[in-house]
2 protein chains.
Amino acid sequence: MSFKKVRDAHKTENTEDYLEIIADLLNSKGEARIVDIANHLGIAQATANKTIRRLQYQGYIKKEPYRSIFLTLKGQELASISKKKHIIVLTFLKKLGLDSKTAEADAEGIEHHVSDKTLKKMEKFNKKN
Amino acid sequence: MSFKKVRDAHKTENTEDYLEIIADLLNSKGEARIVDIANHLGIAQATANKTIRRLQYQGYIKKEPYRSIFLTLKGQELASISKKKHIIVLTFLKKLGLDSKTAEADAEGIEHHVSDKTLKKMEKFNKKN
DNA sequence: TAAAAAGTATAGCTATGGCTACATTATAAT
DNA sequence: ATTATAATGTAGCCATAGCTATACTTTTTA
Ligand SMILES: [Mn+2]
Ligand SMILES: [Mn+2]
Ligand SMILES: [Mn+2]
Ligand SMILES: [Mn+2]
């Protein structure tokens with residue numbers, strides 16, 4: 001059923017975005033802090049804090065109180081998959097003719113709802129254009 | 001900000017799907033009942049019931065207790081917009097080369113995250129292919 | 001080194017959407 | 001007409017993600 005799949009996607013969606021952001025921060029700044037994540041997402045720090053707690057007990061990240069965030073292996077893996085999807089969808093939308101801003105905005109939502117089959121088609125399209 | 005837009009989309013997503021389903025049921029069966037919606041979505045009837053209550057106090061639908069559901073003008077308008085988006089995205093995915101099942105599943109999620117600009121590009125692509 | 005600022009954590013609230021269990025009403029069958 | 005079934009409604013639970021306000025810790029600045 002289509003709707004069930006969408007609901008399942010929504011369950012992991014926020015997790016995927018968090019992990020992608022954390023990976024990016026670790027890459028660029030060397031560390032990922034709650035304040036940066038909150039700013040990135042445009043949400044209150046308290047909200048980011050709560051989600052980070054969930055990500056920790058779900059085994060995606062590790063952190064000590066008042067310290068910065070690290071990805072577990074499980075976290076790294078999901079971050080990597082998410083990043084790949086993000087790039088494919090973003091590139092696809094740009095090749096479709098959209099400006100960077102629109103492509104980025106739409107990709108951020110679409111990336112969580114594309115099956116592997118669709119990703120393959122997008123990659124094919126990306127190579128041809 | 002991209003993420004804010006995605007969050008906003010998620011707020012109306014469920015509403016859009018419900019209204020689209022109700023419109024379809026009204027069209028095909030002549031009436032929309034909670035049990036049909038629940039079956040369509042693959043959720044418990046109690047869950048559908050609760051959401052229908054929300055849709056009513058938010059002014060999208062009208063109903064009497066134990067009776068079937070009708071769309072208000074506001075509801076009809078959103079249903080119509082949602083349906084249009086759905087068709088554009090679904091057609092696009094099919095033209096991209098995907099089978100009906102995959103196209104339908106992915107469209108169900110993607111439809112809520114495409115900007116008007118992206119829809120335009122998809123329509124253009126649909127006409128060309 | 002002491003004070004100010006920044007970052008983090010926690011509490012308590014709201015809204016949404018899942019679920020099961022159970023009660024009530026409406027409809028269909030006997 | 002009664003009874004059985006189907007549909008609807010309600011209650012009470014969980015999880016998630018928002019928010020503000022407030023407390024605590026760490027870092028920076030004076
Ligand atoms: Mn979504
Ligand atoms: Mn995203
Ligand atoms: Mn992303
Ligand atoms: Mn949908």
Side-chain angles (χ1 to χ4, degrees), chain A residues 1-22 25-26 29-70 78 108-109 112, chain B residues 1-22 25 29-70 78 108-109 112-113:
Chain A
M1 263 295 151
S2 298
F3 294 106
K4 175 115 175 36
K5 279 185 191 165
V6 176
R7 286 198 301 276
D8 285 346
H10 282 158
K11 274 186 206 146
T12 49
E13 194 161 336
N14 207 29
T15 300
E16 287 167 17
D17 285 337
Y18 268 74
L19 295 179
E20 213 186 311
I21 291 169
I22 292 167
L25 286 168
L26 286 171
K29 291 196 175 188
E31 69 172 358
R33 311 237 46 155
I34 283 174
V35 60
D36 300 317
I37 296 169
N39 287 340
H40 241 83
L41 290 169
I43 59 176
Q45 291 186 18
T47 303
N49 190 286
K50 197 199 276 187
T51 299
I52 286 297
R53 204 157 57 226
R54 172 177 67 75
L55 294 181
Q56 178 147 33
Y57 75 64
Q58 290 180 344
Y60 294 105
I61 63 157
K62 272 275 176 196
K63 80 180 281 294
E64 297 301 316
Y66 294 99
R67 289 277 119 81
S68 67
I69 300 154
F70 299 95
L78 189 47
E108 202 53 73
H112 311 283
Chain B
M1 262 296 153
S2 298
F3 294 105
K4 175 116 177 35
K5 280 185 190 165
V6 176
R7 285 196 302 276
D8 285 346
H10 283 157
K11 272 185 206 146
T12 49
E13 191 161 340
N14 207 29
T15 299
E16 288 166 18
D17 285 338
Y18 269 74
L19 295 180
E20 213 186 311
I21 291 169
I22 292 166
L25 287 168
K29 292 197 175 184
E31 70 171 356
R33 311 235 48 153
I34 282 175
V35 60
D36 301 317
I37 298 169
N39 288 340
H40 241 83
L41 290 168
I43 59 176
Q45 292 185 19
T47 303
N49 191 286
K50 198 200 277 189
T51 299
I52 286 297
R53 204 156 57 226
R54 172 177 67 76
L55 294 181
Q56 178 147 33
Y57 74 65
Q58 290 180 345
Y60 294 105
I61 64 158
K62 272 274 176 198
K63 79 182 282 292
E64 297 302 317
Y66 294 97
R67 290 276 120 82
S68 67
I69 300 153
F70 299 96
L78 190 47
E108 201 53 72
H112 311 284
H113 298 284

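To find a chain, count down the sequence lines: A is the first, B the second, and so on, and within it residues start at 1.
Taking for each of B:K63 and A:R33 the nucleotide of DNA chain D with the nearest heavy atom, the 5'-most of the two is the partner of B:K63. Ranked by how close their nearest DNA chain C nucleotide is to the 5' end, B:G42 and A:I34 are led by A:I34. Nearer the 5' end of DNA chain D, as judged by each residue's closest nucleotide, is the contact made by A:Y18, out of A:R67 and A:Y18.
Atom CG of B:D17 and atom P of C:dG17 are 11 Å apart (whole Å). Regarding A:R53, its CZ atom lies at a distance of 8 Å from the P atom of C:dA11, rounded to whole Å. Summarising the geometry, the separation between CD1 on B:I52 and P on C:dT16 is reported as 14 Å, rounded to the nearest angstrom. Nucleotide D:dA17 holds its P atom 12 Å from the NE2 atom of A:H10, rounded to whole Å. At whole-Å resolution of the value, CD in B:Q45 and C1' in D:dA11 are 17 Å apart. For the pair A:R54 CZ and D:dT16 P, the computed distance is 6 Å after rounding to whole Å. In this structure, CD of B:E64 is placed 15 Å from C1' of C:dA26, rounded to the nearest angstrom. Here the P atom of nucleotide C:dT8 and the OH atom of A:Y66 are 10 Å apart, to the nearest Å.
When atom types are taken as modelled, the side chain of A:R54 and the backbone of A:N49 share no donor-acceptor pair closer than 3.5 angstrom.
Here the NE2 atom belonging to B:H10 is positioned 7.0 Å from the NE2 atom belonging to A:H112, to the nearest 0.5 angstrom. To the nearest 0.5 Å, the span separating CG on A:L19 from CG on A:L55 amounts to 6.0 Å. With values rounded to the nearest 0.5 angstrom, B:K50 atom NZ is found 13.0 Å from B:I34 atom CD1.
If you check C:dT8, D:dT8, C:dT27 against the side chain of A:V35, the one that comes closest is C:dT8. Across C:dT27, D:dT16, D:dT8, the shortest atom-to-atom separation from the side chain of B:N49 is found for D:dT8. Among the nucleotides C:dA26, C:dG17, D:dT20, the one closest to any side-chain atom of A:A46 is D:dT20. The B:T51 side chain lies nearest to C:dG17 when the options are C:dG7, C:dC19, C:dG17.
Between B:T47 and C:dC19 there is a side-chain polar atom (N or O) within less than 4.0 angstrom of OP1 or OP2.
B:K4 comes within 4.0 angstrom of nothing in the nucleic acid, heavy atoms only. Note on B:Y57: only backbone sugar-phosphate atoms sit closer than 4.0 angstrom, heavy atoms only; bases stay farther off.
Of all the heavy atoms in B:E31 and B:R33, the pair that sits closest is OE2-CD, 3.6 Å.
The base of C:dG18 sits with one of its N or O atoms less than 3.5 Å from a complementary donor or acceptor on the side chain of B:K50.
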